[in-house]
Amino acid sequence: MNLSDSQTAGDIPRRVSAMEAVLTHLRGAIERGEYAVGDKLPSEAELCRRLEVSRPVLREALRALQTMGLTVSRTGKGTFVVSDGAVADPTFGDYAASHLLEVRRHVEIPVAGYAAVRRTPEDLDHLTHLLERMERETDTTAWVAMDTLFHLAVAEAARNPVFRRVIEEIRDALARQSAFLNDVGGRRDQSNREHRAIVEALVDQSEHDAVEAMEHHLARVESTLTTIVRPADRTAPATEDEDHG
């Protein structure tokens, strides 16, 4: 089966990955009732054959369906449809997205301001090095790991161990959310730009700019998540040829 069409991220047109195309196709089929609640999805081997994608690509899409609350995987039995519409508030690890966003707004925004005032040259070196590595990185798993390190480093620069402890507590959930937003929402390049704005504000020791940069970053995270959990389009987006298996 050939998945074709196009999609945009924000105002910038982009080619979407094979994973996104598969996710859109399966999500649409579930929301249209082609796979009803209680139905078992075809096997991974059968879906790979029908959709002409590799098993790793398919498994990423299946994980995203579970995060959206559309399916559940039962060991040894397969993947079953549990809802015909994505949940408005997906869960990442132990925490719901809305809870993460609420805490991050109340913690990370003021933390960025404190970091701008209190950061050391060593903090700036560390953050700049992390940012440069993230901008070069192409592997999602590696990028997500550095994303959480970046937010921990900003908290560290605020020179208050309680802030870092809070970010440590939600670190796994942040990583899961970050991977989901990058896989499904294509946010990596945009996130890199937002991170650079935060670092530049810290370099300038501008508390105002740091607060604004972090506020913008978290607002974009929220808007991307909201867009993803809205009802899916009925057409499947284009795939990148190199993602076909």
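Reckoned from all heavy atoms, side chains included, excluding hydrogens, waters and symmetry mates.
- The closest side-chain heavy-atom distance from Ile167 to Leu174 is below 4.5 Å.
- Here the CG-CD distance, from Leu100 to Glu222, works out to 11.5 Å after rounding to the nearest 0.5 Å.
- More than 12 heavy atoms of other shown residues, nucleotides or ligands fall within 6.0 angstrom of atom CZ in Phe150.
- Checked by atom type and distance alone, the side chain of Arg176 never pairs as donor or acceptor with a backbone atom of Asp94 at under 3.5 Å.
- Considering every non-hydrogen atom in both Ala153 and Leu130, the closest pair reads CB-CD1, 4.3 Å.
- Side-chain N or O atoms of Ser191 include none that pairs as donor or acceptor with a backbone N or O of Arg188 at under 3.5 Å.
- Taking 4.5 Å as the limit, some side-chain heavy atom of Met68 sits within range of a side-chain heavy atom of Phe180.
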Can His126 and Leu149 be said to form a side-chain contact (heavy atoms from CB on, under 4.5 Å), step by step?
CA-CA 10 Å; His126 180 45; Leu149 288 175; 5.7 Å; no
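- Lys40 places a side-chain N or O within donor-acceptor distance of the main-chain N or O of Lys77, the cut-off being under 3.5 Å.
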Check the pair Ser178 / Asp147 against side chain to side chain donor-acceptor pair (under 3.5 Å), numbers first and verdict last.
CA-CA 8 Å; Ser178 179; Asp147 184 28; 2.8 Å; yes
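- Of the inter-residue distances, the one linking Glu60 atom CD with Glu20 atom CD reads 10.0 Å to the nearest 0.5 angstrom.
- For the atom pair CD (Gln205) and CG (Leu124), the distance works out to 8.0 Å, reported to the nearest 0.5 Å.
- Here the closest non-hydrogen pair linking Ala61 and Leu23 is O-CD1, 3.8 Å.
- Put simply, CZ on Arg196 and CE on Met134 are 11.0 Å apart, with the number rounded to the nearest 0.5 Å.
- Here the shortest heavy-atom pairing between Leu202 and Ala210 reads CD1-CB, 3.9 Å.
- At a threshold of 4.0 Å, the pair Arg133-Glu137 does not count as salt-bridged, since none of the basic side-chain nitrogens sits closer than that to a carboxylate oxygen.
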Could you walk me through whether Val166 and Glu169 pass side-chain contact (heavy atoms from CB on, under 4.5 Å), step by step?
CA-CA 5 Å; Val166 172; Glu169 168 61 29; 5.7 Å; no
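- Minimum heavy-atom separation, Ile170 to Arg104: CD1-CG, 4.2 Å.
- Between His151 and His195, the two ring planes are perpendicular [angle over 60°; tilted spans 30° to 60°].
- Connectivity analysis of hydrophobic side chains (ILVMFWY, heavy atoms under 4.5 Å, direct or indirect) links Phe80 to Val72, Val82.
- No hydrogens or angles considered: nothing links the side chains of Asp125 and Thr128 as a donor-acceptor pair under 3.5 Å.
- Put simply, the side chain of Tyr35 does not reach to within 4.5 Å of the side chain of Thr79, judged on heavy atoms.
- Side-chain N or O atoms of Asp89 include none that pairs as donor or acceptor with a backbone N or O of Ala96 at under 3.5 Å.
- Under the 4.0 Å criterion applied to side-chain N and carboxylate O atoms, Asp123 and Arg159 are assigned as salt-bridge partners.
- In this structure, Arg171 pairs ionically with Glu168, as a charged nitrogen and a carboxylate oxygen lie closer than 4.0 Å.
- Using a 4.5 Å heavy-atom threshold, the side chains of Glu212 and His216 count as separate.
- Between Asp39 atom CG and Glu34 atom CD the span is 11.0 Å, to the nearest 0.5 Å.
- By the rule that hydrophobic residues join a cluster once side-chain heavy atoms approach within less than 4.5 Å of another member, Val37 and Leu41 end up as members of one cluster.
- Considering every non-hydrogen atom in both Val111 and Ala155, the closest pair reads CG1-CA, 3.7 Å.
- Note that the CD atom of Glu156 and the OG1 atom of Thr120 stand 9.0 Å from one another [nearest 0.5 Å].
- Residues Glu200 and Asp209 form no side-chain contact, since every pair of their non-hydrogen atoms from C-beta on lies 4.5 Å or further apart.
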Check the pair Thr140, Val144 against side-chain contact (heavy atoms from CB on, under 4.5 Å), reporting the backbone distance first and the verdict last.
CA-CA 6 Å; Thr140 296; Val144 165; 4.1 Å; yes
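- Taking each heavy atom of Ile30 and Ser83 in turn, the nearest pair found is CG2-O, 3.4 Å.
- Cluster annotation: Val87 and Leu65 are assigned to distinct hydrophobic clusters (Ile/Leu/Val/Met/Phe/Trp/Tyr, side-chain heavy-atom contacts under 4.5 Å, transitive).
- Formation of a donor-acceptor pair under 3.5 Å by the Arg187 side chain with backbone atoms of Leu181 is not found in this model.
- For the pair Trp143/Asn182, a side-chain contact is recorded, criterion being any heavy-atom separation below 4.5 Å from C-beta on.
- Looking only at side-chain heavy atoms (C-beta outward), Met214 and Val154 come within less than 4.5 Å of each other.
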